[in-house]
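Data first, discussion second: the structure below is written as C-alpha cells.
The chains referred to below are lettered A, B, ... by the order of the sequence lines, with proteins before strands, and numbering in each begins at 1.
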Amino acid sequence: MENKEYESKNFIEEIIEEDLKSGKHGGRVHTRFPPEPNGFLHIGHAKAICLNFGLAEKYNGKTNLRFDDTNPATEETAYVEAIKKDIKWLGFDWEDREYYASDYFPQLYAFAHKLIDKGLAYVDDLTAEQMAEQKGTPTTPGVNSPNRDRSIEENKQLFTEMKEGKHADGSLVLRAKVDMASPNMLMRDPILYRIKRETHHRTGDDWCIYPMYDFAHGQSDSIEEITHSLCSLEFRHHRDLYDWLIQSLEIFPSMQREFSRMNVEYMITSKRKLLKLVTEGHVTGWDDPRMPTLSGLRKKGYPPVAIRNFIDKVGMTKRENLIDLSLLEFCVREELNKQADRVNVVLDPLKVVITNYPEGQTETLKALNNPEDEEPTYRELTFGREIYIDRKDFMIDPPKKYFRMAPERNVRLKYAYILNCEKYVLDENGKVTEVHCSYYTNTKSGEDNSGIKAKGTLHWVGAEGSVQVKVNLYENLFTDPTPDAHEGKDYLEFINPDSLQVIDGALAEASLASAAPGTVFQFMRTGYFVVDESSTTDEVVFNRTVSLKDSWAKKQAKKS
RNA sequence: UGACCCAUGGUGUAAUUGGCAACACAUCGGUUUUUGGUACCGACAUUCUAGGUUCGAGUCCUAGUGGGUCAACCA
C-alpha cells in the first residue's frame, strides 16, 4: 500500500477527508467508542474499536471511550472494567477521556426542558400498548396522542414531577413532538424519557427517570464535540432523529454515519444470545475460549495484532457480509508463525523403544526455537532409548503417500536420528502398545553424512525429560456457519457437542514445565497452543489456539 | 404493500472517480523443505438483469430483480 501513488480509502475516510478539505470543525477529527456496559466486548466490537481509534490515529485526532449507560436494569460496573481491559489489550488508549452518558444526566434533563419550552416535547400517559397501537405501521401513518397538545406549562410541571418521583414507573413518558405520519417509525413521536426506579451502577438512586438511547447518544456526542459518530447500519433510521434533536436543541452538530456490522462464520455476536450461553452453562463464562468475545479470543491465544490485521483485511463498507472463519485463522497463524517458539508435544503418546540405543544412556540435542527468527536461539532436548511419538504417526498398514512411521520404514526424528521401524507390539485388543526401532548412529541431525533417506520427519519427546500436561482442544462452538440465521430453529440447536476435547495425558518436552501463562507455542506439526492462566508448576494447561494447516489430513478427509 | 440502505470471483474488499477488473483468504495443482508448517510459482470473474448516454460504463441515467433494516418505556 505504501508503494502506491494513491491510497484507496473507505467511504468513511472519504467523508472525513472531504470535511478536512472544507475546514469543517477546524480540521478536527474526534471519534468515540460507545459501548453499553451490559456484557463483554466481542469480535464485532473490535471492528468499531479499530475504526474509531484507527481513524483518530490516522487523522491526528482523538477518541473518547464513553459508556452508554442509560439503562440501569442491565448495566454493571464489572462490565465496565472488562470492557476497559479488552480495549487496552487490543492496543488502544483513550488516555484521560473516559466518559459516561450517566455523567450527563443533569445536562440531558436540562435539554429535555429546553425541548418542552420550544413546544417540541410533551408528557404522555398512554400505556405502552396504546402507544404501539397509535404508532401505526411502516405502511400506515400513526395518529396523534390525545396528550400531544398539552400546554408547555403543564408539560414542564409533569416532567418535573416525573423527575421528583411523584409518578409510578411506566405511568408517564416524555415524547418528542415530531411527526406521527413520518415514513420513519422512529420519528413518530419517540420516547425521550421513561420512569424507572432502578439502581444505576454509577448514579445509584439519584434518578428515577432515564433518557432513552436517542436522547442520550447524540446529545453525548454533541457535549463531547464528537465530529464523526460512527455506528452500525441498523442505526441508519436513528440518524433522522439524531439530526432533528441536535437541530432542535441547537447544540454541537456531530455527524452520524453507519457502516455494516461484521459477521464471522460460526460466531454469533448478539449479546443476548451470548449471555444465554453463559447463564445456561454451554460455556464456562464470557471468556470461554469458544466465545467470540475478546476475552475468549485472548484466552484462546489469539494475538491482538492478529485481530487488528483481520479487521483491516475485512474492510469497511455498508454491505451485508459473512466473513470466512479461515481469514481470521489465517491472520492468527500468520502472526503466531512469527511469534511462537516451536516445541515438541505429543498429544497421544505411543512408546518407541530404540533397541540399539544403550540402556540408561541419554544425550542432549540442540533444537531451534523458531526458524522465522533472524537471530536463531536454541534449547535442549533429552534423547534416550525410550521416546514417545504421536499415535497417528504410526500405521501398521499405511496408505499410499503416508510418510510417517510404519514397519520396515525409515523416519527422521526432528533434531535427532533416523529410525528404522523393526516391529510393533499389540495388546489383547489389537491396539499397538509400543514400537521397536533401531537408529542409524551416523544420522544425527546436523552431522548426517550417511546418505540414508527418510521421507517423513516426526516430532517426539524423550521418556526421560518430559512432563505430562493437560491440553484443551477447542473447536467451533457451533456446527453451522450461521447458527442464528435459520428461521424456526434456535441457535442452541447448532451447539457443537464436541467443541471441547480435554487431553490429560499429553507429554511435553521438559522446557514447558515452567511455561509462563499467556505464552503461545507452536506444538510442532500440530498447532498453536497458549498456556492457560490457570497453569501452575504442578499442572501446565494448554488451550489450542488454532491448528496448523494440514494438507495431508485434508487429503485424507476428502478420500473418505 | 411504505421509507431507507445495499448489490464486483466461493468469501471479503480494490479499481487513481468514465479508460487494460486488482489484492487477500479459500479451493485446486506444482516447487522448496529435517514441521505434510513456512516460503515460492501457477489456475480460478460475461462486475444482479434489461435498456440508455458515451469513442469508451463496474462506475452515469431509467426500469426491474434480489438481499437487508425499521412498528422495545433496549442500546
Side-chain angles (χ1 to χ4, degrees), chain A residues 1 4-8 10 14 34-36 38 68-71 73-75 101 124 126-128 131-133 135-142 169-175 182-186 188 191-196 209-210 212-214 216-217 231 233-240 258 260 262 265 271-272 310 313-331 333-334 337-338 342 344 368 371-372 401-404 412-416 418 443 445-446 448 454-459 522-527 547-555:
Chain A
M1 199 134 355
K4 281 192 184 168
E5 284 174 18
Y6 66 98
E7 171 207 14
S8 83
N10 65 47
E14 294 205 352
E36 185 191 10
N38 67 345
D68 227 338
D69 54 351
T70 57
N71 183 5
T74 57
E75 296 152 5
D124 205 346
L126 256 36
T127 64
M131 224 177 276
E133 214 169 287
K135 205 149 198 187
T137 71
T139 51
T140 58
D169 283 19
S171 60
L172 295 176
V173 293
L174 182 72
R175 300 178 73 177
S182 170
N184 183 348
M185 298 294 289
L186 265 157
R188 321 249 261 225
I191 294 173
L192 267 23
Y193 264 95
R194 77 279 212 188
I195 305 172
K196 196 172 220 171
I209 58 170
Y210 291 94
M212 298 287 289
Y213 165 85
D214 287 298
H217 199 103
C231 57
L233 240 36
E234 60 269 31
F235 288 95
R236 174 60 187 88
H237 301 280
H238 292 253
R239 186 156 109 200
D240 298 346
E258 311 81 18
S260 60
M262 180 173 67
E265 285 181 328
K271 269 194 204 171
R272 207 195 88 242
F310 170 67
K313 283 183 161 61
V314 161
M316 197 62 63
T317 64
K318 301 172 81 161
R319 295 188 212 172
E320 290 291 310
N321 58 72
L322 177 63
I323 320 256
D324 285 356
L325 218 211
S326 59
L327 181 61
L328 212 207
E329 293 183 334
F330 166 82
C331 292
R333 289 194 191 101
E334 182 186 42
N337 181 47
K338 289 182 274 185
R342 285 110 268 198
N344 285 321
L368 182 59
E372 305 290 320
K401 296 225 182 149
Y402 184 86
F403 300 152
R404 282 107 104 145
R412 155 81 61 188
L413 291 182
K414 182 80 177 172
Y415 298 123
I418 293 178
T443 58
S445 214
D448 188 346
K455 259 276 172 71
T457 302
L458 306 186
H459 62 104
Q522 184 195 106
F523 290 4
M524 280 282 237
R525 304 203 312 129
T526 306
S547 61
L548 244 33
K549 277 182 140 186
D550 189 344
S551 49
W552 169 249
K554 196 189 276 182
K555 209 176 276 183

Look at [X] and [N] and indicate whether a side-chain polar atom (N or O) is within less than 4.0 Å of OP1 or OP2.
X	N	answer
A:Arg194	B:A75	yes
A:Lys455	B:G36	no
A:Thr137	B:G2	no
A:Arg412	B:U35	no
A:Arg239	B:C4	no
A:Lys414	B:U34	no

*Which value, in whole Å, describes the distance between the C1' atoms of nucleotides B:C55 and B:C48?*
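Pairwise C1' distance, B:C55 against B:C48, rounds to 27 Å.
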_Using the C1' atom as the point on both nucleotides, what is the distance between B:U62 and B:U54, in whole Å?_
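That atom pair is separated by 16 Å.
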*asked:* Counting distance alone, no hydrogens or angles: does the base of B:U35 have a donor or acceptor under 3.5 Å from a partner atom on the side chain of A:Gln522?
replied: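 Yes.
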*May I ask whether A:Trp552 stacks on the base of B:G36, given the cut-offs of 5.5 Å between ring centres and 30° between planes?*
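Base of B:G36: stacked against A:Trp552.
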_So is the aromatic ring of A:Phe403 stacked onto the base of B:G36, judging by whether the centres are under 5.5 Å apart and the planes are under 30° apart?_
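Per 5.5 Å and 30° rule: yes, stacked.
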*Between A:Asp214 (CG) and B:C74 (P), how many Å, whole number?*
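Interatomic distance, CG of A:Asp214 to P of B:C74: 12 Å.
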*Side chain of A:Glu320 only, please: which of B:G68, B:U17, B:U35 is the nearest?*
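Side chain of A:Glu320 sits closest to B:G68.
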